[in-house]
Q: 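Here's a structure for you.
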Amino acid sequence: MGLAIDHVSKQYGDFQALSDIHFTVPPGALLTLLGPSGCGKSTLLRIIAGFVGATGGRVLLDGVDVADVPPFLRETAMVFQNYALFPHMTVLENVMFGLKMRKVPKAAARDRAMQSLEMVKLTHLADRVPAQLSGGQQQRAALARALVTDPKILLLDEPFGALDKNLREEMQTELRKLQQRVGVTTVCVTHDQQEAMAISDYVAVMNHGRLEQFGAPLEIYDTPRSRFVSTFIGNSNVLQARVAESDGRWCRVELADGTFARVAQRGAASIGQQTEIAVRPGAMRALPPGVEARNDEAFVLQGRVGYGVNLGNVVHYEVEVPTFGILMVELPRSQSDDPWRLGESIRLVAAVGDCVMLEH
Ligand code: ATP
């Protein structure tokens, strides 16, 4: 089932929790709502489920406005962060519960519940109560309970929030495989950018009740539109600059230290306009002494190595650059046979294609 969020807003008294949220999700896709605490992710999820009403705008399921459709008739199913399993019921009874409410005959309900438990590899624990399950198993039981009613939209509120890192990553992979197999349109709330990158077809990045950016995970990672997105999804060095020349496709910008850089233009760019250039730490490298920057390198920044730490597969450096402060550089360990020394003077460069002009 396709989902469209059509200029949705939500006000709690004077407080604007959501402002003009607008995007569409094709059938069968997995969307994550990603943003810091309090940005409105759960509110939007609850509006889709029908537990909370929007102040403005519409939620469309397969093109139909569902404003007047109560939650239990929306064909959505929700998995809550704390799983909300009934503690006195067995796993099987928990999964059968939604079918019982729908008056499905007991034998058929049992068969369907067992199939659902099989999907999440939990049939062997069907007779246990939730307190006898690990966090990951409870999560699977909650997922089985949601999927058993064959929902058209699966809604997940921080589904892996209570799990430790390894289990979390394992469950992310399991959920994604299951979601692709079942083909259910899914909306998942998370504040974890790695999780969003790992499981999504689309990501809606939210901040202060606004949609900062919507797109495929890699598109958002490679071409963030704002400083917020460029630093919330992965790390970025953000350089202040001013547009000096523009031919509509390329801009020559004057960086805040008076040097110049060349970047692909994004959005409208008028001469003299302030802008910002985002560069990932992994896109930076040092120019060897005596070597000139190539044409496809955007800038040369003179700096001094302030700190270095080997993280296993990469070496992370902080480089102090006048005007810009500390810039982050990440080098693959394979390219770091000759480690940079503390206090060493280096010239940082990055390829033009790795520099992103932020739009706001
Ligand atoms: P978290 O990751 O911490 O769960 P979130 O992004 O899901 O955060 P929401 O729960 O959607 O955020 O809340 C968004 C904002 O709306 C918050 O500032 C919250 O305090 C406020 N809010 C949520 N529900 C209500 C309510 N019933 N009445 C008033 N304000 C509310």
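Atoms within each ligand, like the ligands themselves, are counted from 1 in listed order.
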Q: Which of these, Leu34, Val189, Thr43, Leu18, has its nearest heavy atom closest to atom 11 (O) of ligand 1?
A: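 Residue with the shortest heavy-atom distance to the ligand atom: Thr43.
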Q: Would Arg46 count as a polar contact of ligand 1, with the cut-off being nitrogen or oxygen pairs under 3.5 Å?
A: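 Such a contact does not occur with ligand 1.
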Q: What do you reckon, is CG of Asp68 surrounded by more than 12 foreign heavy atoms closer than 6.0 Å?
A: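 Result for CG/Asp68: open.
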Q: Give the atom numbers and elements of ligand 1 that come within less than 4.0 Å of a heavy atom of Ala17.
A: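 What qualifies from ligand 1 is 16 (O).
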Q: Between Gln213 and Ser226, is any side-chain donor less than 3.5 angstrom from a side-chain acceptor?
A: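 No, because no side-chain N or O of Gln213 sits under 3.5 Å from a partner of the opposite role on Ser226.
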Q: Give yes or no for whether the N/O distance cutoff of 3.5 Å, strictly under, is met between Cys39 and ligand 1.
A: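 Right, the criterion is met.
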Q: Of the protein's non-hydrogen atoms, which lies at the shortest distance from atom 3 (O) of ligand 1, and what is that distance?
A: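 Answer, as residue, atom name and distance: Ser37 OG, 2.6 Å.
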Q: With a 4.0 Å cut-off, strictly under, does atom 13 (O) of ligand 1 pick up any protein heavy atom?
A: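 Under the 4.0 Å cut-off, atom 13 (O) of ligand 1 does have protein heavy-atom neighbours.
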Q: Do Val238 and Ile277 come close enough that some side-chain heavy atom pair is under 4.5 Å?
A: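 Val238 does not reach Ile277 side chain to side chain.
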Q: For atom 10 (O) of ligand 1, what's the nearest protein heavy-atom neighbour? Residue, atom name and distance, please.
A: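 Atom 10 (O) of ligand 1 sits closest to the protein heavy atom Ser42 CB, 3.7 Å.
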Q: Fit a plane to each ring of Phe86 and His88, take the angle between them on a 0 to 90° scale, and name the class: parallel (under 30°), tilted (30 to 60°) or perpendicular (over 60°).
A: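 The arrangement is tilted - the two ring planes meet at 30° to 60°.
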Q: Looking only at protein heavy atoms, which one is nearest to atom 23 (C) of ligand 1, and how far off is it?
A: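 Protein heavy atom at minimum distance: Tyr12 CE1, 3.5 Å.
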Q: Just which atoms of ligand 1 are under 4.0 Å from any heavy atom in Gly38?
A: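 That gives atoms 1 (P), 3 (O), 5 (P), 6 (O), 8 (O), 12 (O), 14 (C), 15 (C), 17 (C), 18 (O) of ligand 1.
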Q: Which ligand 1 atoms, with their elements, are less than 4.0 angstrom from a heavy-atom of Pro36?
A: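 Those qualifying, in numeric order: 6 (O).
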Q: I'd like to know if the side chain of Lys10 and the backbone of Gly53 have a donor-acceptor N/O pair within less than 3.5 Å.
A: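 Between the backbone of Gly53 and the side chain of Lys10 there is a qualifying donor-acceptor contact (under 3.5 Å).
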Q: For atom 2 (O) of ligand 1, grab the closest protein heavy atom and report residue, atom and distance to one decimal in Å.
A: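 The protein heavy atom lying closest is Lys41 NZ, 2.9 Å.
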Q: Taking all heavy atoms of Arg210 and all of Ser19, pick out the closest pair and write down the distance.
A: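 Closest approach of Arg210 to Ser19: NH1-CB, 3.7 Å.
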Q: Just by distance, do the side chain of Gln179 and the backbone of Gly28 share a donor-acceptor pair under 3.5 Å?
A: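 Looks like yes, one N/O pair under 3.5 Å.
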Q: At what distance is the nearest protein heavy atom to atom 21 (C) of ligand 1, and which residue and atom is it?
A: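 So the nearest neighbour among protein heavy atoms is Phe15 CE2, 3.8 Å.
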Q: Check Val25, Thr186, Asp201, Val203 against Leu31 for a side-chain contact (heavy atoms from CB on, under 4.5 Å) and give me the one that passes.
A: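 When Val25, Thr186, Asp201, Val203 are each tested with Leu31, the side-chain contact (heavy atoms from CB on, under 4.5 Å) holds only for Val25.
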Q: Below 4.0 angstrom, counting only protein heavy atoms, does anything approach atom 19 (C) of ligand 1?
A: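 No, there is none.
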Q: Give yes if a backbone or side-chain nitrogen or oxygen of Gly40 is under 3.5 Å from a nitrogen or oxygen of ligand 1, and no if not.
A: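 For ligand 1, there is an N or O atom that lies under 3.5 Å from one belonging to Gly40.
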Q: Pair Arg262, Glu297 - check salt bridge (Lys or Arg N to Asp or Glu O under 4.0 Å), show working.
A: CA-CA 8 Å; Arg262 195 161 67 89; Glu297 280 162 342; over 6 Å; no
